[in-house]
Amino acid sequence: MHKKVIKAASYIKDIIGDVPQIAVGLGTGFSKFVTRLENPISIEYGDIPNFPHGEVEGHINALIVGTIDGIGVLCLAGRIHYYEGWEMQELTFPIRVLKHLGVECLLMSNASGGLNEDYVKGEVLLVKDHINLLPGNPLRGKHDERLGLRFPDMSDAYNMDLRVLAMRLAVKMNIDLREGVYAAMQGPSLETPAEYKMLHIIGADLVGMSTVPEVIVANQCGIKVLVFSIVTNICYPPENVQKTTIEDVLAVGNESADSLSDFLVDFIKELNPRLQNKDEG
Ligand code: HPA
């Protein structure tokens with residue numbers, strides 16, 4: 001694994017030169033964030049040695065590097081999922097490559113079902129914690145200490161400093177940004193009303209089919225994580241559950257994408273000076 005990571009990272013570095021400290025992982029329906037990048041350089045996932053690449057509706061499949069207000073940002077546009085048949089180690093490989101390149105913060109987005117009565121379609125929440133209900137863990141198997149700790153702590157998996165920064169920005173922008181717990185299910189079938197109810201009861205606010213493996217690996221290798229989740233369908237209480245198609249999910253995601261992109265752009269502008277100060281200090 002370590003050698004494969006080095007090979008992929010060198011391929012990327014040879015093309016992009018300076019590597020940004022901030023990466024953005026774009027989830028379902030959110031790929032139009034890449035239009036916010038100035039001077040973009042795009043590398044197809046398929047061209048990067050050992051990089052997993054899939055084809056899911058609504059996703060581009062490329063690593064795109066550009067700037068926002070002069071700040072370097074690396075976008076992973078196109079995420080692969082467990083339900084496509086990938087192994088946990090494969091689908092989290094890009095996170096290991098980001099670490100090797102020197103990325104410090106990973107900002108991610110995903111689409112989710114909302115498990116609280118007062119959530120509204122299109123609302124964006126900040127993920128504060130997760131419940132991993134996927135049938136596996138990306139750190140399972142023989143341990144290689146070059147990749148991080150065998151038993152990484154997960155008590156601050158969704159980095160508190162980044163969440164505080166996001167909350168302060170939301171207050172400044174007059175946005176009511178709520179926090180929630182994200183449960184990861186394997187999919188690809190959506191959940192039944194009884195399953196949604198169970199997820200609500202065990203303490204989940206949001207349910208989706210992604211992100212958690214990447215968050216685990218990012219924590220193991222020391223990348224700080226912040227995750228935004230777009231509620232694309234209402235799943236609780238059971239009588240409010242409606243039939244949902246991928247087109248519905250993409251349409252709602254797409255409607256929220258502009259405002260979430262605005263927020264992310266401002267967030268990156270707030271975050272960058274803090275990363276620079278840390279480097280100087
Ligand atoms: N379940 C799982 N994943 C999802 C959902 C859902 O209801 N909505 C968007 N992603």
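One-based numbering, in listed order, for ligands and for the atoms of each.
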**Q.** ring-ring contact (aromatic ring centres under 6.0 Å, His included) evaluation trace for Tyr236 with Tyr196
**A.** CA-CA 7 Å; Tyr236 187 86; Tyr196 286 132; 9.3 Å; no

(Q) Using the side-chain hydrogen bond (donor to acceptor under 3.5 Å, both in side chains) definition, which of the options Gln276, Lys269, Arg274 pairs with Asn272? (A) Gln276

Q) In the protein, which heavy atom is nearest to atom 10 (N) of ligand 1, and how far is it? A) Ala111 O, 3.5 Å

**Q.** Per-atom contacts, ligand 1 versus Asn233 - under 4.0 Å to a heavy atom
**A.** 5 (C), 6 (C), 7 (O), 8 (N), 9 (C)

Q: Would you please indicate yes or no on a ring centroid separation below 6.0 angstrom for Tyr158 and Tyr182?
A: no

Q | Nearest-neighbour protein heavy atom for atom 4 (C) of ligand 1, which is reported as residue plus atom name and distance | A | Val207 O, 3.6 Å

Q. Are any of the side-chain nitrogens in Arg178 or Glu123 under 4.0 Å away from the carboxylate oxygens of its partner?
A. yes

Q) Is the closest heavy-atom distance from Gly187 to ligand 1 below 4.0 Å? A) no

Q | Same apolar cluster: Tyr45 and Met108, side chain cutoff 4.5 Å | A | yes

Q) Which residue supplies the protein heavy atom nearest to atom 5 (C) of ligand 1, what is that atom called, and how far is it? A) Gly113 N, 3.5 Å

Q. Would Asp156 and Lys224 pass as an ion pair if we require N to O under 4.0 Å?
A. no

Q.
For atom 9 (C) of ligand 1, what is the closest protein heavy atom, and at what distance to 0.1 Å?
A. Thr232 OG1, 3.3 Å

Q.
Is the contact between Cys235 and ligand 1 made by the side chain, the backbone, both, or neither, using heavy atoms and a 4.0 Å cut-off?
A. side chain

Q. Would you call Arg79-Glu214 a salt bridge at under 4.0 Å N-O?
A. yes

Q: Please report which non-hydrogen protein atom sits nearest to atom 2 (C) of ligand 1, along with the residue it belongs to and the distance in Å to one decimal place.
A: Glu191 OE1, 3.3 Å

Q: Below 4.0 angstrom from a heavy atom of Tyr196, which ligand 1 atoms are there? Numbered from 1 as shown, please.
A: 1 (N), 6 (C), 7 (O)

Q) Any idea which protein heavy atom is nearest atom 3 (N) of ligand 1, and the distance to it? A) Gly208 CA, 3.3 Å

